[in-house]
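Just so it is clear, the structure is predicted and the values come from calculations on it, not from any experiment. Numbering of ligands and ligand atoms starts at 1, following listing order.
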Amino acid sequence: MSYLLKNATLPNGSKADLAIHDGRFVAASSLPKDHQVIDLAGKQVLPGLVDLHTHLREPGFEESETVATGSLSAVRGGFTAISAMANTSPVADTAGVVEQVYRLGQAAGLCDVFPIGAVTQGLNGQTLSEIGAMADSGARVRVFSDDGKCVFDPLIMRRALEYVKKFDGVIAQHAQEPTLTQDAQMNEGEMSAQLGLKGWPAVAEEAIIARDVLLAEHTKSRLHICHLTTAGGVEIIRWAKARGIQVTAEVTPHHLLLTDEYAKNYDPIFKVNPPLRLESDVLALRAGLADGTIDIVATDHAPHSSESKDCEWSVASFGMVGLETALSIVIKTMVETGAMNYADVADRLSVAPARIARYENHGQPLEVGHVANLTVVDTAAKWIVDRDLMSTRSKNTPFHGFELPGVVTHTFFNGKLVFGE
Ligand SMILES: [Zn+2]
């Protein structure tokens, strides 16, 4: 199918018609006669969004999400590439498992699903996994992470950083000092004291970030910090970048909006790892994202069955789904506040994540010759989040009932219309 998208507003604010044929942007004059015309007057286009942090639960936990349902959730949220975290069962720590996940993504055919490889075997934190074999596999893995767990042993972290340099890979760290966070349930502070829940101090995150930027400097390798949540963490990343250390960082949409005040009714929908922090942290994260200290927004989409969320706070699972609300939360917290424009949104949600993970054909300019990965959003429209209308297999959104700005109307993947009409 070929398309002529008329009157689109580009990320830089200018207006243009975009022609798509055979998977790529082409000159309008070279479109075949039978192309479909879609009028995008008043709508914003962005390069297809790229998520570096997605939990798809397959293999092993298909009752919560599969590669196919996660892909559908992704394109409804405007994503054309997502990155499947390794904490599946079996763990994605071999060429066989990452190739399986990659093939499932291809079979679903809605967006690219790029597997992330585990740093250590079975996420045990002690023995490096088959990093080289995963990099050489059909899935060409470039991002490695034990996410869900911290790579705590500094020697293992050093070896992993050294290893991925061979093929320009990156280690994505879930920064959580385990001894300081044993049995921790939420941010450590006034609210945790009031609620009588065991706290999770900011220093538990910051201590690992500080250690690892120094290891990245020592090894001259690439480090990515997952889901930054504290003002102190932003300061450390800012310092490291000023020093020339190759570190990048992500923030989740929920940490840009929610604070630990939401825990006050013990509703485990707000239980997440790392935890919701303070208003001062939220403001520091927004400022860091706006000035580029934080490179990207990543969803940490973490589907959980209702049995594991509809229970007492202390036994509920950590995590929230996020693919279908991410762009709207960024518009609400960053664009509507005047902190960012749509060129910045394109950078933080597409260009920069594609660059960090070395995903070809994503995060590219919307220009003739490039693969047509494209998201269309009606930025003036508002919607009420309804968990029962979402495509993800799980219902654990903290935003149910929220009115949010920005409705994704179309998603094109490799020139195919995979969402919208
Ligand atoms: Zn994590």
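In this structure, the side chains of T392 and T69 stay at 4.5 Å or more apart for every pair of heavy atoms. For the pair L195 and Y266, the minimum side-chain heavy-atom distance is below 4.5 Å. In this structure the side chain of L180 never reaches within 4.5 angstrom of the side chain of W200, judged on heavy atoms.
Summary: ND1 is the N/O/S atom of H174 found nearest to the Zn ion (ligand 1). Sorting the N, O or S atoms of D147 by how far they are from the Zn ion (ligand 1) puts OD1 first.
In summary, no N, O or S atom of H53 is located under 2.8 Å from the Zn ion (ligand 1).
Cation-pi contact between K166 and Y163: present, with separation from the ring centre below 6.0 Å and deviation from the ring axis of at most 45°.
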